[in-house]
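So the structure is just underneath, and the comments pick up after that.
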Amino acid sequence: MSKDRFQYHDYFLMDELLTEEHLLVRASIREWVKKEVSPIVEDACQKAEFPKQWIKGLAEIGAFGPYIPVEYGGGGMDQISYGIIMMELERGDSGLRSTASVQSSLVMYPIFTYGSEEQKRKYLPQLASGKMMGCFGLTEPDHGSNPSGMLSTIKDKGDHVILNGSKMWISNAPFADIAVVWAKDEEGVIRGMIVERGMEGFSTPETHGKWSLRASATGELVFDNVRIPKENILPNVKGLKGPLGCLNSARYGISWGAIGAALDCYDSALRYSKERVQFDRPIGGFQLTQKKLAEMITEITKAQLLTWRLGVLKNENRATPSQISMAKRNNVNMALQIAREARQIHGGMGITGEYPIMRHMMNLESVITYEGTHDIHLLITGMDVTGLNAFQ
Ligand code: TGC
Ligand code: FAD
């Protein structure tokens with residue numbers, strides 16, 4: 001990729017709604033992404049490798065558990081700061097944001113929210129410092145959108161349980177030290193537990209051949225009679241609301257993250273439209289190009305306002321799961337449409353690694369599917385407004 005010339009766009013002066021701390025956080029993450037991510041991300045994607053050195057950097061900039069209290073190693077920040085961090089990381093690459101959001105929202109969050117005091121003290125500081133990495137196992141080969149049908153089970157054996165089953169499409173699985181896993185007990189109740197690498201019968205084969213999120217490692221979790229000590233079970237939640245509660249936090253972060261990817265595409269397309277000359281004038285002077293750019297910044301601005309408001313509600317503990325679904329669905333789709341339009345503005349150059357467009361576009365094809373597909377989120381909104389369940 002050529003030099004990272006990204007500039008932020010704030011059409012409705014939304015910076016006036018942010019605090020000094022928010023702006024400082026944003027500046028420091030952006031600087032790190034420009035220095036440590038942009039120069040190597042294209043190569044990492046071409047090679048389908050997750051650059052492991054990013055882990056230390058992410059920990060140093062506070063991207064692991066930004067809103068987890070300081071006493072457990074987290075950043076003690078508010079939800080808007082968390083969102084801003086996700087936005088700046090995804091401006092760099094959705095796979096990078098994935099790694100940070102899984103660690104924060106899907107591993108640290110459940111341990112903090114549903115874990116015992118011993119579990120919090122044992123795992124959270126290690127996860128915040130990046131000395132330990134985690135993953136989240138909910139999806140199974142035959143149960144994606146409907147996790148309630150999961151087949152993974154635990155059987156009670158006194159001081160431990162025996163875990164059997166498998167999970168697939170698990171971000172960070174190939175290198176994770178621990179996995180927060182969801183499985184049904186003998187009464188069919190979903191329980192969460194912490195599975196550690198090295199436990200006998202636990203393996204994490206890597207998933208190859210992805211055309212999307214190539215700089216993020218994805219794998220399976222396979223459990224063959226794995227002995228899990230009872231102290232590894234999360235004591236304070238039972239049922240599907242456990243994993244779905246974690247998804248609220250991750251989906252909220254993605255709604256910010258998608259704005260980052262959209263901004264990067266828009267910024268690149270705007271610059272290219274002023275520099276690229278055809279028919280003796282910059283292509284930005286043609287009405288059809290301006291239509292694309294004007295619609296892009298309009299959609300980005302609407303998403304920025306929606307998401308900032310969601311952040312305020314989240315800070316006040318008033319954001320509902322349905323509001324989060326609406327924001328995740330809207331913003332990821334918005335970013336994907338912008339990536340496609342930006343690709344057109346770049347002409348043939350848009351398919352090369354010289355520009356970030358095609359990489360964002362391919363990444364967003366995963367983002368629009370994971371954490372609940374585009375259509376599942378539509379049905380969540382539909383159910384919220386009608387009171388009628390159209391899932392089954
Ligand atoms: P349903 O009967 O509606 O609900 C079961 C229980 O859960 C409660 N609940 C929630 N609680 C907290 N937050 C939410 N968002 C909740 N939604 C529902 C609900 O109140 C009920 O509680 P209770 O006490 O009555 O038992 O469940 P359902 O089986 O009908 O399913 C509903 C549906 C389809 C919306 C849900 O299962 C769903 O969201 N499906 C999508 C699955 C999904 O998003 N998977 C994501 C896997 S993780 C991932 O993709 C990580 S990618 C990370 C990265 O790399 O960045
Ligand atoms: P399916 O559920 O089979 O859906 C296929 C299609 O059917 C979709 O279009 C869907 O919208 C539609 N559909 C399903 N049900 C309905 C319905 N009731 N009405 C209308 N349409 C419906 N999971 C984890 O647990 N942890 C992770 O870390 C993780 N990381 C991921 C990383 C990547 C790169 C990817 C691609 C996925 C990841 N996932 C992870 C899994 C992800 O959450 C699932 O892919 C997603 O929830 C969809 O499940 P599925 O792929 O089985 O699709």
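Counting starts at 1 for both ligands and their atoms, following the listed order. Everything quoted here is computed from the prediction, not taken from an experiment.
Ring geometry for Tyr272 against Tyr355 counts as perpendicular: the plane angle is over 60°, on a 0 to 90° scale with 30° as the lower cut. In this structure, Tyr109 and Tyr114 have perpendicular ring planes: the angle between them is above 60°, well past the 30° mark.
For ligand 1, the atoms closer than 4.0 angstrom to any heavy atom of Ser101 are 56 (O). Close approach of ligand 2 to Leu213 is summarised as follows: ligand atoms under 4.0 Å from at least one heavy atom of the residue are 34 (C). The contact set between ligand 1 and Arg97, taken as ligand atoms under 4.0 Å from a residue heavy atom, comprises 56 (O). For ligand 2, the atoms sitting less than 4.0 Å from at least one non-hydrogen atom of Glu371 are 43 (O), numbered in the order shown with element in parentheses. Close approach of ligand 1 to Thr139 is summarised as follows: ligand atoms under 4.0 Å from at least one heavy atom of the residue are 47 (C). Residue-ligand proximity, Asp375 to ligand 2, at heavy-atom distances under 4.0 Å covers atoms 11 (O). Taking a cut-off of under 4.0 Å to the non-hydrogen atoms of Ile380, the atoms of ligand 1 that pass are 35 (C). For ligand 2, the atoms sitting less than 4.0 Å from at least one non-hydrogen atom of Leu138 are 25 (O), numbered in the order shown with element in parentheses. Within ligand 2, the atoms closer than 4.0 Å to a non-hydrogen atom of Phe391 are 18 (N), numbered from 1 in the order shown.
Contacts of His143 with ligand 1, taken as heavy-atom pairs under 4.0 Å, are absent altogether. Proximity of Leu379 to ligand 2, defined as any heavy-atom pair under 4.0 Å, is confined to the side chain (atoms from C-beta onward). With a heavy-atom cut-off of 4.0 Å, Trp169 does not touch ligand 1 at all. Looking at Leu247 against ligand 1, only its side chain comes within 4.0 Å, counting heavy atoms. Neither the backbone nor the side chain of Ile254 comes within contact range of ligand 1; no heavy atom lies under 4.0 Å.
Nearest protein heavy-atom contact of atom 16 (C) of ligand 2 is Ile376 CD1, 4.1 Å. Nearest protein heavy-atom contact of atom 31 (O) of ligand 1 is Leu240 CD2, 4.1 Å. Shortest contact from atom 2 (O) of ligand 2 to any protein heavy atom: Ser145 OG, 2.6 Å. Closest protein heavy atom to atom 26 (N) of ligand 2: Phe136 O, 2.9 Å. For atom 17 (N) of ligand 1, the nearest protein heavy atom (residue, atom name, distance) is Leu244 CD1, 3.4 Å. Among protein heavy atoms, the minimum distance from atom 22 (O) of ligand 1 is reached at Lys241 CB, 4.1 Å. Nearest non-hydrogen protein atom to atom 13 (N) of ligand 1 is Asn248 ND2, 2.9 Å.
Nearest residue to atom 43 (C) of ligand 1 from Ser171, Gly372, Ser94, Gly137 is Gly372 (criterion: closest heavy atom).
In terms of polar-atom proximity, Ser98 is counted as a contact of ligand 1, with an N or O under 3.5 Å from an N or O of the ligand. Inclusion of Ser171 in the set of residues having an N or O under 3.5 Å from an N or O of ligand 2 is warranted.
In this structure, Arg91 satisfies the cation-pi test against Phe6, with its NZ or CZ atom closer than 6.0 Å to the six-membered ring centre and inside 45 degrees of the ring normal. Annotation: cation-pi pair Lys328/Tyr252 absent, no NZ/CZ under 6.0 Å from the ring centroid and within 45° of its normal.
In the hydrophobic cluster analysis, where Ile, Leu, Val, Met, Phe, Trp and Tyr join through side-chain heavy atoms closer than 4.5 angstrom, Ile170 is grouped apart from Ile190.
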